[in-house]
Every structure is written in C-alpha cells, then in structure tokens.
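Written below as structure tokens is the structure these notes are about.
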Amino acid sequence: MGRGRVELKRIENKINRQVTFAKRRNGLLKKAYELSVLCDAEVALIIFSNRGKLYEFCSSSSMLKTLERYQKCSYGAVEVNKPAKELESSYREYLKLKTRFESLQRTQRNLLGEDLGPLNSKELEQLERQLESSLKHVRSTKEQLLLDTNRALTIKLDEINAKTQLRPSWEGGEQQLGYNPQHAQTQGLFQPIECNPTLQIGYNPSCSDQMTATSHAQQVSGFIPGWML
C-alpha cells in the first residue's frame, strides 16, 4: 500500500514545522549538489528560515559571481533594450541639431562673404536681399539713436540758456528796485511848505503873507478847505 498524498498547507504545529523544514532543507541542498555534479551545471540555492536564518549552496567558487550572471541574464536584457531605443531617439535628435548647426555656420560664412562658390544665382540673390534688409535695419536704428541723442542735447542746451537768461534779469531787477532817497523826495506826493520851521508865538508876517496868498488862490478856484468852514 503506497503512501498517501500530503496536503500542501502551513503546518500549524511549531515542532512539526521545524522538523519538516530541516528535513526538506537538507534534501533540497543534496539535490542541488547532485544536479551540479551530475549535469555540470552552475547551481545556486538560497534559503531563509522563518526566523531569518540563511542557508545557501553554490556550485561555483563565488555566490556573488553567480548572482551577477543571473542579474545580467534576467534584467540586463530589458535594461539594455530600453536604453537602446532612447539612445536611438537621442541620436536622431543629435543628427538634426548637428545639421541645423552646420547650416547656420554656412549661412554665417555666406553673410561674411565667404564660401560663395557653391551658391547658385537664386541663392546669391536671396543672400543679397537679406543683406540689404539687414543694412536698412542697421541704418534706421543708427538714425533713431542719433535723433534721440540730438533731442536730449537740445533739451539740455535750452535748460542751460534759460538759466543763464533768468539770472541777469533778476540781478537787473534788484538794482532797479534799490532805494533812492533823492528820487523819493522829488517824486513824493507832498512837497514841504517853504516856511520857517522855528516855532514862534505871536504874529509872523511872512507866514501871514503866505496864508493870505493861499486863501486868495483858493477863492479864485472856488474851493474852500474844510478847516476854514
């Protein structure tokens, strides 16, 4: 009577689980060794227990070399193919930029009057029109710059002339507005009465004659001052 089929599920009993792990681990390591010897194969086996303990077997001299070989075979192809596409796209972009750069260099040399031999008549005419357009633009820019400079200088000269004209007129006005006592006396509203300023009490014949002449002149003119009313 044969042995029954074992159901593959986690062993709940801790002791039974540890015993089964040790037996099957040893059997797996033995099978890996037999495979490497019988078939001359490079075998690497790595086992971690539930407690994190490491068990390994490698038929070669170094486990690291076997892992590097595995990484190159498994992931290297994908990583190499992917950059290959990106490299191809970048190379095409590089060729476009290189062609554009060479074209710009050739155009620059043509504008400087160099390498004109390969150009045909149509290209030469186009180059001539381009040079004329550039020359007109340069001249217009230069003229505008000169006009702006002249305008600024004119404004500055006008300001300087205005300041120089204002200063003499102001100084002349001060001289004219100076005080002149003789002129004030001659142009006064009231003229001094020609009489003796000495105070005298009593009769003064000279003053009496002057007052009589004044009253006579007022009667002739028909005007009587207020103090005589």
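Quick caveat, the model's predicted, so the values are computed rather than measured.
The side-chain heavy atoms of R17 and F21, taken from C-beta on, include no pair separated by under 4.5 Å. Using a 4.5 Å cut-off on side-chain heavy atoms (C-beta onward), T154 and D158 make contact. Residues K122 and Q126 form no side-chain contact, since every pair of their non-hydrogen atoms from C-beta on lies 4.5 Å or further apart. The closest side-chain heavy-atom distance from R139 to K142 is not below 4.5 Å.
Separating the CZ atom in F48 from the CD atom in E56 is a distance of 8.0 Å, to the nearest 0.5 Å. Between atom CG of residue N150 and atom CG of residue L145 there is a gap of 9.5 Å, rounded to the nearest 0.5 Å. Note that CG of L135 and CD of Q130 are 12.5 Å apart. Values are rounded to the nearest 0.5 Å. The CD atom of E102 sits 11.5 Å away from atom CG of L97, with the distance rounded to the nearest 0.5 Å. Atom-to-atom distance recorded for K156:NZ and E159:CD is 8.5 Å, nearest 0.5 angstrom. In this structure, CG in L64 is found 14.0 Å from CZ in R69, a value given to the nearest 0.5 Å.
Residues satisfying the side chain to side chain donor-acceptor pair (under 3.5 Å) test with Q144, not counting sequence neighbours, are D148.
The local environment of CG in N161 is crowded, with over 12 non-hydrogen atoms from other residues, nucleotides or ligands closer than 6.0 Å. In the displayed structure, E123 atom CD is contacted under 6.0 Å by more than 12 heavy atoms of other residues, nucleotides or ligands. For L153, the CG atom counts as densely surrounded, since its 6.0 Å shell holds more than 12 non-hydrogen atoms of other residues, nucleotides or ligands. More than 12 heavy-atom neighbours from other residues, nucleotides or ligands sit within 6.0 angstrom of CD on Q18.
Here the closest non-hydrogen pair linking S60 and S62 is OG-O, 3.0 Å. Summarising the geometry of A41 relative to S59, their closest heavy-atom pair is O-OG, 3.4 Å, with the distance given to 0.1 Å. Taking both residues in full, the closest heavy atoms of I15 and N13 are given as N-OD1, 2.9 Å, listed atom of the first, atom of the second, then distance.
A distance-only check finds a donor-acceptor pair linking the side chain of S140 to the backbone of H137 [under 3.5 Å]. A donor-acceptor contact shorter than 3.5 Å links the side chain of S49 to the backbone of K53. Side-chain atoms of T164 come within 3.5 Å of backbone atoms of I160 as a donor-acceptor pair (strictly under, hydrogens ignored).
The hydrophobic clustering, which links ILVMFWY residues whose side-chain heavy atoms are closer than 4.5 Å, places I47 and L67 apart.
Cluster partners of L111, by chain and number: L116, L119, L124, L127, L131. The rule joins Ile, Leu, Val, Met, Phe, Trp and Tyr whenever side-chain heavy atoms lie under 4.5 Å apart.
Ionic pairing of E12 and R10 is present here: one or more N-O contacts between side-chain nitrogen and carboxylate oxygen are shorter than 4.0 angstrom.
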Considering only distance and modelled atom types, tabulate donor-acceptor pairs under 3.5 Å from the side chains of residues 24-31, sequence neighbours left out.
{"unit_1": "R25", "atom_1": "NH1", "unit_2": "Y55", "atom_2": "OH", "d": "3.2"}
{"unit_1": "N26", "atom_1": "ND2", "unit_2": "A22", "atom_2": "O", "d": "3.1"}

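Looking at T66 and E42, their side chains do bring a donor and an acceptor atom within 3.5 Å of each other.
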